[in-house]
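In this text the structure is predicted, and so the values were computed from the model without any measurement.
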Amino acid sequence: MPYLLILPAGLWLVLFFAVPAAELFATSLYDPAGSLVDGYAMTWAFGNYLDALAEYWPQLLRSLAYAAVATAASLLLGFPLAYAIALRAGRFRNVLLVAVVAPFFTSFLIRTLAWKAILSDNGALVALLRDLHVLAPDGRLLATPFAVVAGLTYNVLPFMVLPLYASLERLDRRLLEAAADLYAGPAATFRAVTLPLAAPGIVAGTLLTFIPAAGDYINAQLLGTPGTAMAGNVIDSAFLIRLDYPQAAALSFVLMAMILVLVLVYLRRVGATAVEAL
């Protein structure tokens, strides 16, 4: 019975993940001298991977750096929000949860374009920051790394809040009362009780935010400049503009491999702590 239950999901993954991934891997080994007109020959050109790394390593590192900063910002913003919804919201809990997921009712593209309007040079936010002398008179937010990271953070924030809420909502409040009875202050209670018990949600939230953020390209394209381009922008250009399929496929696999290694290291170091907390 368990195997029958996982059969539909297994078939879905095979058809829509494993098979396309195998096709993409084969594409990455085509002769880079080929073209759509002349065709591509399978030459097992593993040098495509070295070429992708040598030429686009800044975009790869930038993707990981932007994703890491967006994940950290999502955690800093999402934890207090999830804590408030789970433990302090009362009868407004469902309303706040709907507010968290409400952005998903709108297209990802429209949400990013809205940020472009918010951060525009003629927008109210930039005018306010200039009046407060936070920005120089000719300073700007749009077309900067800050704009790209802000857009990423906004778009992945719900993926951080929901796992955190699920962990905190199951928190036994008697443990908090016991910590107070043992003369632990709010900071000590948070550090010794709340944070360890919320560790599974933190692990799940960071994975759900970092992985899509590292592969994103819409935010860098609409909110950034060529100097803030991420690996996804290069892959998009190689596939749809330059039509360099072998390089695009090789770069895709390099990005996936880097993300996979980082996730495995993260789970090995942090995931074990989360399991122990349970």
[X] versus [Y]: any side-chain heavy-atom pair under 4.5 Å?
{"X": "Thr71", "Y": "Val156", "value": "no"}
{"X": "Arg111", "Y": "Phe104", "value": "yes"}
{"X": "Asp236", "Y": "Gln221", "value": "yes"}
{"X": "Asp244", "Y": "Pro246", "value": "yes"}
{"X": "Gln59", "Y": "Thr228", "value": "no"}
{"X": "Asp31", "Y": "Tyr40", "value": "no"}
{"X": "Met230", "Y": "Leu152", "value": "yes"}
{"X": "Val149", "Y": "Asn219", "value": "no"}

Under the salt bridge (Lys or Arg N to Asp or Glu O under 4.0 Å) rule, what pairs show up with a residue in residues 130-152, not counting sequence neighbours? Asp121-Arg140
Donor-acceptor pair, side chain of [X] and main chain of [Y], under 3.5 angstrom:
{"X": "Ser167", "Y": "Gly201", "result": "yes"}
{"X": "Asp216", "Y": "Pro212", "result": "no"}
{"X": "Asn233", "Y": "Tyr217", "result": "yes"}

Grab the two heavy atoms, one from [X] and one from [Y], that are nearest each other, plus how far apart they are.
{"X": "Ile118", "Y": "Leu125", "result": "O-CB, 3.8 Å"}
{"X": "Trp115", "Y": "Ala150", "result": "CZ3-CB, 4.3 Å"}
{"X": "Leu223", "Y": "Ala147", "result": "CD1-O, 3.3 Å"}

Assigning hydrophobic clusters by single linkage (Ile, Leu, Val, Met, Phe, Trp, Tyr; side-chain heavy-atom cutoff under 4.5 Å), is [X] placed with [Y]?
{"X": "Val100", "Y": "Leu75", "value": "no"}
{"X": "Leu164", "Y": "Val95", "value": "no"}
{"X": "Tyr56", "Y": "Met256", "value": "yes"}
{"X": "Val203", "Y": "Leu262", "value": "yes"}
{"X": "Tyr154", "Y": "Leu76", "value": "no"}

Sequence neighbours excluded, which residues qualify as ring-ring contact (aromatic ring centres under 6.0 Å, His included) partners of Tyr49?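 Listed in chain order: nothing, the list is empty.
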Check the pair Leu222 / Leu109 against side chain to side chain contact (heavy atoms under 4.5 Å, CB included), numbers first and verdict last. CA-CA 9 Å; Leu222 295 180; Leu109 183 61; 3.6 Å; yes
Is there a side chain to side chain contact (heavy atoms under 4.5 Å, CB included) between Leu141 and Leu129? Walk through the geometry before answering. CA-CA 10 Å; Leu141 295 178; Leu129 294 177; 3.7 Å; yes
Is the centre of the Phe190 ring less than 6.0 Å from the centre of the Phe79 ring?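 Yes: the rings meet the under 6.0 Å criterion.
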Do Phe210 and Phe159 have ring centres separated by under 6.0 Å?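 Not close enough - the centres of the two rings lie 6.0 Å or further apart.
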Would you please say whether a donor-acceptor pair under 3.5 Å links the side chains of Tyr30 and Thr43?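 Tyr30 vs Thr43: no donor-acceptor pair found between side chains.
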Would you say Asn48 and Asp51 are linked by a side-chain donor-acceptor pair, where the criterion is simply a distance under 3.5 Å?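 Absent: no donor and acceptor within the cut-off.
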Could you list the residues that satisfy side chain to side chain contact (heavy atoms under 4.5 Å, CB included) with Leu60, not counting sequence neighbours?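 Leu60: side chain to side chain contact (heavy atoms under 4.5 Å, CB included) contacts with Leu53, Ala231, Leu251, Val254, Leu255, Met258.
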Name of the residue among Ile202, Thr206, Thr209, Leu208 meeting side-chain contact (heavy atoms from CB on, under 4.5 Å) with Pro163: Leu208
Step by step, would you call Leu207 with Leu267 a side chain to side chain contact (heavy atoms under 4.5 Å, CB included)? CA-CA 9 Å; Leu207 292 178; Leu267 289 176; 3.7 Å; yes
Please test Ser252 against Leu24 for side chain to side chain contact (heavy atoms under 4.5 Å, CB included), starting from the C-alpha separation and ending with a verdict. CA-CA 8 Å; Ser252 300; Leu24 190 66; 3.9 Å; yes
